[in-house]
Every structure is written in structure tokens, then in C-alpha cells.
Amino acid sequence: MTSSKRGLLSAAALLMTVNSAFAFCSEPSLYESAPDAPGSFYKPDVPYCLSQYKWTSKHTCDQWEIDSYISDVNDYIRKLNDYADEARDFAEAATNFANDAIDYAECEAEDAKSQHE
């Protein structure tokens, strides 16, 4: 083992034996906010010219109406996917905050306990 590795191990051991009275508990914080709910998104309505398509497999739409509807649906789906991604990110941040809060509470409790030992 090299002397630098021994030095690092010695420093680590020394840090682990330091009295917990010198411990610093870091209070958690959450800077995220929940994303807007999808209710604020416009859900495209099926054009009237497609209303009979389900039963007859025929429609009276012009191509631009179909293209516009498909574009609106794709845009709506993209917004929903973005919302889901933002919600997952927020949930991860909230979980991290909860874990940090547990660590903080345990640290503070240990610090209070060690002051009277």
C-alpha cells in the first residue's frame, strides 16, 4: 500500500471517530413545483366528417381536415408525454426530499442525543 493511500485511510478513520457534537445537519429543501395538470390542455375533437367512419369505413373529410386533426392529436399526445415526464421528475425530486428529510431528522436527533452524553 502506498503512503498516499495509507494517508487517505488514516484521514478517513480520523473523520469517522470525530465526536458527533461537531456534526452538521443539512436541512433539506425542495425547489421543484408540481407540473400543471393535463386538464389545461385542449383535447382535440373528432371532426364531424369522421363521425360515421367507425361504422361505414367512409368519411366526407377533405385531406386538410384529416391532416389538421392528426396534427392536433399528435400535439396533444406530445403535451401529455411532456406532462408525464415532468411529473416523474417532480416525483423523483419529492422522493429525494423525503429521504433528505429523514436523514436530517436522524442527524438532528443524534446531535441532540450526543450533547448530553
Side-chain angles (χ1 to χ4, degrees):
M1 184 181 299
T2 66
S3 63
S4 64
K5 285 185 182 176
R6 267 186 256 139
L8 286 174
L9 288 175
S10 297
L14 178 63
L15 286 174
M16 286 190 248
T17 60
V18 171
N19 187 337
S20 64
F22 297 110
F24 175 74
C25 302
S26 179
E27 187 173 343
S29 57
L30 180 64
Y31 299 106
E32 304 287 328
S33 59
D36 291 333
S40 62
F41 302 152
Y42 166 73
K43 182 177 180 180
D45 292 324
V46 177
Y48 180 76
C49 59
L50 286 175
S51 61
Q52 298 299 316
Y53 186 80
K54 187 176 186 178
W55 297 280
T56 66
S57 298
K58 295 179 183 177
H59 64 81
T60 59
C61 299
D62 291 330
Q63 189 59 44
W64 70 266
E65 290 175 291
I66 293 173
D67 291 343
S68 178
Y69 175 65
I70 290 171
S71 176
D72 289 347
V73 168
N74 288 334
D75 187 48
Y76 180 69
I77 291 169
R78 182 189 52 77
K79 288 177 182 178
L80 289 173
N81 286 328
D82 289 347
Y83 171 74
D85 290 341
E86 291 172 9
R88 275 191 283 285
D89 291 344
F90 176 72
E92 184 178 332
T95 299
N96 290 338
F97 173 79
N99 290 332
D100 291 347
I102 291 167
D103 292 344
Y104 174 73
E106 290 172 350
C107 178
E108 286 289 329
E110 186 61 34
D111 187 47
K113 179 182 168 188
S114 69
Q115 288 180 0
H116 301 290
E117 291 179 346

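Considering every non-hydrogen atom in both Tyr42 and Tyr76, the closest pair reads O-CD1, 3.2 Å. Considering every non-hydrogen atom in both Ala101 and Pro28, the closest pair reads CA-CG, 3.6 Å.
Residues in residues 52-87 take part in these disulfide (SG to SG under 2.5 Å) pairs, two or more places apart or across chains: Cys49-Cys61.
Interatomic distance, OG of Ser26 versus CZ of Phe24, reported as 5.5 Å (0.5 Å rounding). Atom OG of Ser51 is separated from atom NE2 of His59 by 12.0 Å, given to the nearest 0.5 angstrom. Expressed to the nearest 0.5 Å, how far OH of Tyr53 lies from CD1 of Ile66 amounts to 8.5 Å. With rounding to the nearest 0.5 Å, the separation of CD1 in Ile70 from CG in Asp75 is 13.5 Å. Put simply, CD on Gln63 and CD on Glu65 are 10.0 Å apart, with the number rounded to the nearest 0.5 Å.
Scored by the side-chain hydrogen bond (donor to acceptor under 3.5 Å, both in side chains) test, Thr56 finds no partners at all (sequence neighbours excluded). By the salt bridge (Lys or Arg N to Asp or Glu O under 4.0 Å) test, Lys43 is found to be paired with no residue, residues two or more places apart in sequence or in another chain being considered. Looking at residues two or more places apart in sequence or on another chain, you find a side-chain hydrogen bond (donor to acceptor under 3.5 Å, both in side chains) between Asp62 and Trp64. Applying the side-chain hydrogen bond (donor to acceptor under 3.5 Å, both in side chains) rule to Asp100 yields no partners; only residues at least two apart in sequence or on another chain are considered. Annotation: side-chain hydrogen bond (donor to acceptor under 3.5 Å, both in side chains) contacts of Glu27 (sequence neighbours excluded): none. With sequence neighbours excluded, the residues forming a side-chain contact (heavy atoms from CB on, under 4.5 Å) with Asp72 are Pro44, Ser68, listed by chain and number.
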List the atom pairs, donor and acceptor, that lie under 3.5 Å between side-chain atoms in residues 81-90 and the rest of the protein, sequence neighbours left out.
from	atom 1	to	atom 2	distance (Å)
Asn81	ND2	Ile77	O	3.4
Asp82	OD2	Arg78	NH1	3.3
Asp85	OD1	Arg88	NH2	2.9

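Through chains of ILVMFWY side-chain contacts below 4.5 Å, Phe97 is grouped with Leu30. Cluster partners of Tyr31: none. The rule joins Ile, Leu, Val, Met, Phe, Trp and Tyr whenever side-chain heavy atoms lie under 4.5 Å apart, and it links nothing here.
In the hydrophobic clustering of ILVMFWY residues, with side-chain heavy atoms under 4.5 Å counting as a link, Val73 and Leu50 come out together. Clustering ILVMFWY residues whenever any of their side-chain heavy atoms sit less than 4.5 angstrom apart, transitively, puts Tyr104 in a cluster other than the one holding Ile102.
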